[in-house]
Amino acid sequence: MGSHSSNRTRVPLSRMAMGNGHGEDSPYFDGWKAYQIDPFDPAENPHGVIQMGLAENQLCADLIEEWLIDHPEGSICTAGGSDKFRDIANFQDYHGLPKFRNGIAIFMGKVRGNRVKFDPDRIVMSGGATGAHDLIAFCLADPGDAFLVPTPYYPGFDRDLCWRTGVKILPVNCKSSNNFKITKKALEEAYNGAVDAGIRVKGLIITNPSNPLGTTLDRATMKDLVDFVNEMNIHLVCDEIYAATLFRGPDFISIAEVIEEYDDDCCNRDLIHIIYSLSKDMGLPGFRIGIVYSYNDDVVRCGRKMSSFGLISSQTQHLIASMLSDDEFVERFIAESSARLAKRHGYFTHELERVGIRCLDSNAGLFVWMDLRELLAEQTFEAEMVLWRVVIHKVKLNVSPGSSFHCSEPGWYRVCIANMDDQTMEIALARIRSFVLENMMGNCMRVVRSKESKAVECKLKVSFSNRKMEEVMKMPCSMSPCSPMPPRSPLVRART
Amino acid sequence: MGIPKDGGNGLGAVLSKIATDGRHGEDSPYFDGWKAYEENPFHPAQNPDGVIQMGLSENGLCFDLTEDWMKSNPKASICTAEGVENFSSIANFQDYHGLPEFRQAIARFMTRIRCGRAKFDSDRIVMSGGCTGACETLVFCLADPEDAFLVPSPYYPAFNRDVRWRTGVQLIPINCKSSNNFQLTLPELESAYEEAVESGVNVKGLILTNPSNPLGTTLDRTSLRELLEFTSRKKIHLVCDEIYSATVFSSPEFTSVSEVMHEVECCDPNLVHIIYSLSKDMGLPGFRVGVIYSYNNTVVSIARKMSSFGLVSSQTQLLVASMLSDEEFVEKFLEESPRRLRARHRKFVRALGEVGIGCLQGNAGLFFWMDLRHFLKEQTFEEEMRLWRVIVHDVRLNVSPGSSFGCPEPGFFRVCFANMEEGTADVALGRIRAFVSKREHDGEKKRKWGGNKMLRLSLKPLRYDENNILTTMSSPDMMSPRSPLVRARN
């Protein structure tokens with residue numbers, strides 16, 4: 001019997017294993033596949049697909065590299081640090097290294113301009129923010145319970161919050177007409193809908209700064225949220241993973257700051273929890289540094305026990321502890337990272353605007369929320385997908401369609417801009433310019449033709465031949481079920 | 001703010017059932033030994049009368065080998081001048097397939113441990129948050145809530161958490177007997193399986209730890225074949241925790257399930273899974289290098305997606321990949337580590353033998369299974385706990401009572417020996433000798449004075465309730481006192 005024989009008998013796995021709660025059987029796979037098959041490389045494959053679907057922060061690796069060279073004590077592998085090797089290699093205590101927790105607490109405070117202090121004893125480790133969401137959901141909700149999540153939201157939440165926990169997400173629909181702000185009305189509607197359907201709402205999950213919008217919540221909205229959860233007696237989970245990616249005003253206001261403005265009888269702190277990670281702010285997604293910070297003692301205690309399933313490598317804890325205890329480095333990093341993001345964002349959005357493409361006005365994040373509604377044949381999600389496939393296969397940019405973020409309106413796309421060098425960005429912009437130009441020319445031709453004929457076609461259509469349209473529509477979307485090494489989906493990277 | 005129809009959901013803010021049901025297993029009476037150690041930890045210079053930790057299954061005998069390797073191989077680290085060129089790509093690498101070189105190195109290592117008698121495919125290597133994470137993830141893949149796994153007892157206590165807590169799956173112990181050295185027999189397995197099925201339980205699989213924790217023994221080839229045949233016939237999963245595979249220090253040789261699969265006619269590879277880690281074999285528990293190795297393609301695929309919740313740090317993947325790719329180092333380590341374990345094991349077992357304390361004849365693991373039945377006033381678990389408290393508080397050794405492993409017979413204790421310096425081992429042995437000698441002397445005195453022939457062990461006053469049960473503590477602050485489960489896997 002070979003090790004690759006499958007289905008010799010019908011072997012019962014769990015419902016979880018046989019279902020698709022992992023979220024990878026989705027039509028959004030297409031863009032990733034296109035990138036995998038034909039990845040851009042400036043030298044080897046200059047016409048390949050440019051990856052703009054990964055929210056990675058690659059702008060400041062040089063700062064960390066310099067720090068590493070100057071600080072051999074950060075590693076247990078160097079002559080300067082190997083005396084710590086055995087203690088660190090042996091350390092598996094789920095409380096985490098005290099200096100790690102201290103370093104994280106101080107870093108979180110600095111990122112918020114020291115307007116608020118964090119208690120190291122409330123820091124619980126997790127396997128990245130991915131693990132943090134899975135953990136907090138296990139702590140707060142039972143199978144069948146629900147969390148309210150404003151749309152558009154990070155697609156990985158469907159897996160992270162729901163897959164293993166059996167918890168549901170109920171979207172709180174936000175509209176472009178007010179820049180996707182979360183309104184009291186939308187919250188109440190979503191909540192009441194749940195009650196009517198007999199679903200128990202356990203909490204509200206917000207991402208601030210927002211993925212995919214790149215915006216921060218204003219103080220009034222934050223207070224509305226705090227009031228709402230207190231009135232309904234439900235939890236508030238704030239994913240602040242992009243806290244240090246703020247690159248311009250308005251300021252980032254953390255939930256940690258907002259609750260300081262409340263008396264104990266107006267805000268029950270047992271409801272308040274923060275999810276964090278160094279994956280975005282410091283560009284270290286491979287290190288799997290996830291944090292659950294809860295104001296609820298029971299959640300801290302329980303979460304800590306659960307963290308055994310996904311602790312942070314002590315080798316990495318030690319490195320991060322050293323790095324984050326260097327105040328000068330941290331302050332310089334936060335400032336420089338912000339400056340580089342500002343520059344990249346400013347240039348990219350300016351260049352888009354020059355060709356008539358608008359983005360949502362944003363002040364944070366590693367992406368822009370691009371408005372292509374005017375390029376849609378019709379304001380439908382089908383048209384959004386058609387345009388998306390054109391962007392992938394013709395323009396050769398892997399961007400993410402708004403529907404993958406559960407956006408309630410078609411025509412929006414998240415475009416990541418911090419995961420590439422300047423040269424690659426220029427190429428991406430050049431491709432966008434050509435695409436827009438072609439599209440404009442195509443439209444001119446149609447207007448001319450339609451003036452000549454009596455049947456006036458008012459809708460804008462993306463210009464390319466019908467034959468090519470058919471080809472694009474036929475691109476396969478499914479992934480192979482049998483191979484243990486399937487093509488990479490976006491979820492391959494723990495958090496995109 | 002509008003008031004919802006039902007006036008607001010007052011139950012909303014309560015935590016989940018999982019958070020409050022105590023199935024994490026830390027509210028247990030075994031807490032006492034750990035607390036005693038925490039409050040009064042032995043240190044050769046600073047606290048020579050403190051409690052010696054013998055309840056932690058850690059491999060501290062070969063750190064020098066790994067330290068030396070690291071100093072000589074700076075490229076394995078992304079923090080050195082030689083290795084920093086890899087920093088950016090490694091720090092950015094979060095692909096749940098893992099670094100190919102990591103998977104290949106692990107596969108080769110596992111193959112080498114089994115001396116090439118089974119070959120491991122790097123494409124089947126799935127990462128997890130230590131073996132703790134591996135066990136839970138695998139159970140999520142194989143079983144639904146209320147389904148059950150059978151496990152021979154005595155067994156590793158944290159299986160209660162890893163298999164059951166968040167999965168809702170049950171664990172049904174199969175009581176093994178001291179009369180045959182606690183080896184699981186086919187009739188015992190059959191009987192436990194039938195009983196479970198008859199009571200309406202959906203049995204999904206059997207979990208074996210081989211080499212065994214806490215017994216320190218390996219399964220013989222025939223038994224392993226029989227068990228595999230049974231699970232195959234019944235179409236249930238066989239999960240083999242082989243975390244101690246490279247700690248085998250004397251004969252009989254270790255036989256992995258991977259080696260016998262082809263010998264069992266009806267074996268369905270889709271039902272066979274191995275969980276592994278470098279925590280014990282290499283003494284690197286802090287690095288959280290857990291592995292799921294499944295012969296079932298769907299399980300590999302799904303477990304890999306689930307591994308997102310607990311990937312191995314890419315920094316650590318690179319280090320481990322480099323280390324385990326060094327064949328000369330691996331050869332040397334796999335020779336030297338068992339040699340040192342054997343020497344330490346022998347030292348303890350001999351010394352204990354000299355004072356009339358027997359141990360199960362073990363050939364693997366970082367501990368031995370000590371038999372103190374003759375020390376018990378009565379063969380009861382209450383007596384076992386009483387004796388245990390004497391050992392913890394009077395002899396000042398934190399060992400683990402057999403009942404904490406679900407052992408069906410009282411009087412056995414697991415004693416870890418590989419987590420200490422040679423000097424500390426000597427101190428521990430000295431204390432045991434003194435304890436036995438005092439006990440004999442007290443027994444002798446009692447006989448002279450015509451007292452009760454049964455030895456009464458002196459007990460320090462502790463926090464007992466009127467039923468003589470140690471009351472469990474719940475700490476008001478969040479820095480919970482160290483329980484055994486604080487260390488992910490002990």
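As a basis for the values below, the full set of heavy atoms in this structure was taken, side chains included, without hydrogen atoms, waters or symmetry mates. A, B, ... follow the sequence lines: proteins, then strands. Residue 1 opens every chain.
- Counting heavy atoms from C-beta on, the side chains of B:K305 and A:R159 never come closer than 4.5 Å.
- Classification of the B:F287-A:F85 ring pair by plane angle, with boundaries at 30° and 60°, yields perpendicular.
- Between the CD atom in B:Q315 and the CD1 atom in A:I312 there is a gap of 11.5 Å [rounded to 0.5 Å].
- Looking only at side-chain heavy atoms (C-beta outward), B:R288 and A:Q92 come within less than 4.5 Å of each other.
- If you tally non-hydrogen atom pairs under 4.5 Å between each of A:S314, A:A137, A:G290 and chain B, the highest count goes to A:S314.
- No donor-acceptor distance shorter than 3.5 angstrom exists from the side chain of B:S313 to the backbone of A:R288, with no hydrogens or angles considered.
- For the residue pair B:T316 and A:S313, a side-chain donor N or O sits within less than 3.5 Å of a side-chain acceptor on the partner.
- Looking only at atom types and distance, the side chain of A:S82 has no donor-acceptor partner in the side chain of B:E67 under 3.5 Å away.
- No side-chain donor-acceptor contact under 3.5 Å links B:S16 to the backbone of A:D142.
- Side-chain contact check for B:H237 versus A:L13: some heavy-atom pair is nearer than 4.5 Å.
- B:F63 is not listed as a side-chain neighbour of A:D87, based on a closest heavy-atom distance of 4.5 Å or more.
- Rounded to the nearest 0.5 Å, atoms NE2 (B:H24) and OG (A:S308) are 11.0 Å apart.
- Residues B:P145 and A:M16 are not in side-chain contact: their nearest non-hydrogen atoms beyond the backbone lie 4.5 Å or more apart.
- Taking the side chain as every heavy atom from C-beta outward, A:C302 and B:L15 never approach each other to under 4.5 Å.
- Considering only heavy atoms from C-beta on, B:T80 stays 4.5 Å or farther from A:P72 through its side chain.
- Contact check for B:R166 versus A:D134: side-chain heavy atoms found under the 4.5 Å cut-off.
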